[in-house]
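What follows is one structure encoded as structure tokens, with my remarks underneath.
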Amino acid sequence: MDVDMDFVCRQAGRPVTALTRRDVARALLAVPSGVALVALPDLRRAMMSAGNPLSRPFWESAKATLRSIESGVATVGDVQRWIESTGTEPILMTPSYFVWPEENERGPVAAEMFARLVAFLEERVVSGEIDPDALAEGAPEARRAYEELQEHWLSTPLPDGRVPGFAVSDEQDEEVFSAWDEEEAFALSELRRIIAGLPRQPDLPADELEAAAVRLRALLALPGYPADVLRACAGFDEQPMPDDDQDLWLTVAAGVVGPVSDLLENGDLLEEFADLDGEIGMEDATLVHLHAIQCADWLAGVAALARLGPGVLASPERIARLIAESEDIDVDEQDGEDLGATEGLFAPVVSLWGYLGIVDEDDVLTPLGWWGLPKALERAWSPAE
């Protein structure tokens with residue numbers, strides 16, 4: 001591959017007189033480092049002949065970076081830092097921890113905002129507000145000013161009212177939520193297929209449900225663990241508890257699968273649940289574990305319990321093994337650490353199941369759990385009406 005002026009211009013989509021340091025750097029990084037090193041002198045001469053010589057610090061930094069890459073000592077961070085030192089490359093992660101998505105993962109909004117920021121930085125280079133030579137030479141003051149300039153731009157509304165940093169974050173959130181919705185929809189269809197194929201459908205254990213609902217109402221009126229976790233899971237801090245026993249029980253059981261709210265969002269409760277060393281409390285730790293369980297693991301575990309029926313052991317260790325051996329989901333061969341991690345995630349789940357009567361004191365699945373677990377998953381994964 002020839003790295004000549006035509007190549008750089010095609011890569012950048014600009015004529016040679018308009019090429020920036022960033023344009024040249026990106027073109028050099030688009031080819032093997034050895035090829036780029038060989039082409040560097042001719043490329044520099046061609047830029048000088050075209051009246052766009054760039055600067056000595058840039059070419060020296062390019063040579064040093066390419067040599068470092070070729071010798072195998074350059075890190076990804078080193079290369080990223082170099083291209084940022086061109087003066088018009090947005091910082092991948094700002095000091096306030098705003099992170100740009102990778103180029104091939106940017107949605108339309110992120111791509112637009114990234115291009116807007118590049119154009120903004122180019123204007124600041126032309127005006128002299130950004131000194132790319134100082135950046136290339138590693139001047140700390142220039143780097144701090146470069147970071148602050150971008151932080152300010154990301155938090156300043158555009159003429160149309162959008163705040164760039166928030167707009168990008170909102171788009172990423174929407175993509176994550178969309179992926180979750182798709183995952184839950186698939187898991188729900190698989191759950192319904194599996195339950196429909198059971199040789200015997202679970203019957204509602206009315207007496208067991210009534211007794212469990214009485215215990216649950218009394219428990220939810222208490223302070224502390226586990227009542228505060230169960231209320232948060234069910235969203236009862238924001239809405240009243242249902243009067244119907246079945247609705248109440250399923251709402252709480254579904255909340256364990258997909259917690260509605262999070263204690264960490266409550267500023268008044270955060271200090272109460274954290275000790276003086278800043279360690280996370282049991283309540284918040286439990287919710288962290290619940291949020292970390294994937295739909296596929298819920299599906300595999302509950303499907304296995306539904307097939308086995310009441311009386312089967314439903315301890316965290318057993319659930320981890322059932323998930324690892326499941327044919328309902330694609331599971332790679334797991335080692336002891338994988339099983340231990342899954343067991344750890346389901347330890348607080350089984351504990352909460354005990355308060356709901358899903359398992360007994362020996363972690364054995366009850367008729368109520370056999371009937372209710374699939375329905376709880378179905379409620380958790382069904383779109384809100």
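Note that the structure is a prediction, hence the values are computed from the model and not measured. Side-chain atoms are counted along with the backbone in the values below, which use heavy atoms only and exclude waters and symmetry mates. Residues: numbered from 1 along the sequence shown.
A salt bridge is defined here as a Lys NZ or Arg NE, NH1 or NH2 lying under 4.0 Å from an Asp or Glu carboxylate O, and Lys63 with Glu60 fails to meet this definition. Arg231 has no carboxylate O lying under 4.0 Å from a charged side-chain N of Glu283, or vice versa, which leaves the two without a salt bridge.
Asp245 is listed as a side-chain neighbour of Arg217, based on a closest heavy-atom distance under 4.5 Å. Contact of the Leu40 side chain with the Val3 side chain is not registered, since no non-hydrogen atoms from C-beta on lie closer than 4.5 Å. With contacts defined as side-chain heavy-atom distances shorter than 4.5 Å, the pair Val349/Val257 does not qualify. With contacts defined as side-chain heavy-atom distances shorter than 4.5 Å, the pair Asp42/Arg45 qualifies. In this structure, the side chains of Arg321 and Thr342 stay at 4.5 Å or more apart for every pair of heavy atoms. Annotation: side chain of Phe58 is in contact with side chain of Thr86 (closest heavy-atom distance under 4.5 Å). The side-chain heavy atoms of Ser169 and Phe98, taken from C-beta on, include a pair separated by under 4.5 Å. Side-chain contact check for Phe114 versus Glu89: some heavy-atom pair is nearer than 4.5 Å.
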(message) Could you go through Asp133 and Ser55, starting from their C-alpha distance and side-chain angles, then the distance that decides it, and tell me whether this counts as side-chain hydrogen bond (donor to acceptor under 3.5 Å, both in side chains)?
(response) CA-CA 7 Å; Asp133 288 345; Ser55 68; 2.5 Å; yes

(request) Go through the steps for Phe346 and Trp298 under the test ring-ring contact (aromatic ring centres under 6.0 Å, His included), then give the verdict. (result) CA-CA 10 Å; Phe346 276 90; Trp298 280 114; 5.3 Å; yes

(request) May I have the step-by-step check of salt bridge (Lys or Arg N to Asp or Glu O under 4.0 Å) for Arg144 and Glu148, ending in yes or no? (result) CA-CA 6 Å; Arg144 281 195 296 271; Glu148 291 171 1; 5.7 Å; no

(message) Determine whether Phe7 and Asp4 satisfy the following criterion, side-chain contact (heavy atoms from CB on, under 4.5 Å), listing intermediate values before the conclusion.
(response) CA-CA 5 Å; Phe7 174 80; Asp4 55 15; 3.4 Å; yes

(request) Before giving the answer on side-chain contact (heavy atoms from CB on, under 4.5 Å), spell out for Leu43 and Met5 the whole-Å C-alpha distance, their side-chain angles and the decisive distance to 0.1 Å. (result) CA-CA 6 Å; Leu43 188 60; Met5 190 57 62; 3.8 Å; yes

(request) Assess whether side-chain contact (heavy atoms from CB on, under 4.5 Å) is satisfied between Val252 and Leu216, documenting all intermediate values. (result) CA-CA 9 Å; Val252 177; Leu216 184 57; 3.8 Å; yes

(message) As a quick check of understanding, evaluate side-chain contact (heavy atoms from CB on, under 4.5 Å) for Ile91 and Arg143, giving each step before the final call.
(response) CA-CA 10 Å; Ile91 297 171; Arg143 176 71 184 192; 4.0 Å; yes

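For Glu171 (side chain) and Ala110 (main-chain N/O), a donor-acceptor pair under 3.5 Å exists by modelled atom type. No donor-acceptor pair under 3.5 Å is formed between the side chain of Arg14 and the backbone N or O of Cys9. With hydrogens and angles ignored, the 3.5 Å screen pairs no side-chain donor or acceptor of Ser326 with any backbone N or O of Ala300. The backbone N or O of Leu19 lies less than 3.5 Å from a partner atom in the side chain of Asn52, making a donor-acceptor pair. Under the 3.5 Å distance criterion, the side-chain polar atoms of Asp23 are matched with a main-chain donor or acceptor of Thr20. Here the side chain of Thr65 pairs no donor or acceptor atom with the backbone of Ala62 at under 3.5 angstrom. In this structure a side-chain-to-backbone donor-acceptor pair under 3.5 Å is present from Glu84 to Leu92. At distances below 3.5 Å, at least one donor-acceptor pair connects side-chain atoms of Trp59 with backbone N or O atoms of Pro53. Put simply, the side chain of Trp370 gets close to the backbone of Ala306: a donor and an acceptor are under 3.5 Å apart. At least one donor-acceptor pair closer than 3.5 Å links the side chain of Tyr146 to the backbone N or O of Gly87.
Note on Ile329 and Leu345: same hydrophobic cluster, where clusters join Ile, Leu, Val, Met, Phe, Trp and Tyr whose side-chain heavy atoms are under 4.5 Å apart, directly or indirectly. In the hydrophobic cluster analysis, where Ile, Leu, Val, Met, Phe, Trp and Tyr join through side-chain heavy atoms closer than 4.5 angstrom, Leu198 is grouped together with Leu305. Leu121 and Ile83 end up in different hydrophobic clusters when Ile, Leu, Val, Met, Phe, Trp and Tyr side chains are linked at under 4.5 Å. By the rule that hydrophobic residues join a cluster once side-chain heavy atoms approach within less than 4.5 Å of another member, Val118 and Leu154 end up as members of one cluster. Cluster membership for Leu222 and Tyr225, using ILVMFWY side-chain heavy atoms within less than 4.5 angstrom, is shared.
Arg67 CZ: 12 or fewer foreign heavy atoms inside a 6.0 Å radius. Crowding of Asp243 atom CG: a count of heavy atoms from other residues, nucleotides or ligands under 6.0 Å not exceeding 12. Heavy atoms of other residues, nucleotides or ligands lying less than 6.0 angstrom from CD of Glu103 number 12 at most. No more than 12 heavy-atom neighbours from other residues, nucleotides or ligands sit within 6.0 angstrom of CZ on Arg56. Annotation: Glu210, atom CD; neighbour count of heavy atoms from other residues, nucleotides and ligands within 6.0 Å does not exceed 12. In this structure, Gln201 places its CD atom where more than 12 heavy-atom neighbours from other residues, nucleotides or ligands lie under 6.0 Å away. More than 12 heavy atoms of other shown residues, nucleotides or ligands fall within 6.0 angstrom of atom CZ in Arg307.
Judged by the 6.0 Å distance and 45° axis criteria, Arg215 is not positioned over the aromatic ring of Tyr355. Under the 6.0 Å distance and 45° angle rule, Arg116 does not count as a cation-pi partner of Phe120.
Here the CG atom belonging to Leu188 is positioned 10.0 Å from the CG atom belonging to Leu299, to the nearest 0.5 angstrom. Note that CG of Leu250 and CG of Leu377 are 11.0 Å apart. Values are rounded to the nearest 0.5 Å. With rounding to the nearest 0.5 angstrom, the CD1 atom of Ile130 is 5.0 Å from the CG atom of Leu149. Between the CG atom in Leu356 and the CG atom in Leu368 there is a gap of 8.0 Å [rounded to 0.5 Å]. We find the CG-CG distance between Leu365 and Asp362 to be 13.0 Å, quoted to the nearest 0.5 Å. For the atom pair Leu352 CG and Thr286 OG1, the distance stands at 6.0 Å (nearest 0.5 Å).
A donor atom on one side chain and an acceptor atom on the other are found under 3.5 Å apart for Glu151 and Ser96. Side-chain atoms of Arg379 and Thr251 include a donor-acceptor pair closer than 3.5 Å. Judged purely by distance below 3.5 Å, without hydrogens or angles, the side chains of Asp181 and Ser178 never pair a donor atom with an acceptor atom.
Contact detail for Cys295 and Ala187: the closest heavy-atom pair is CB-CB, 4.1 Å. Here the shortest heavy-atom pairing between Ala167 and Val109 reads O-CG1, 3.7 Å.
Residues that satisfy the side chain to side chain contact (heavy atoms under 4.5 Å, CB included) test with Met241, not counting sequence neighbours, are Leu220, Phe236, Leu248.
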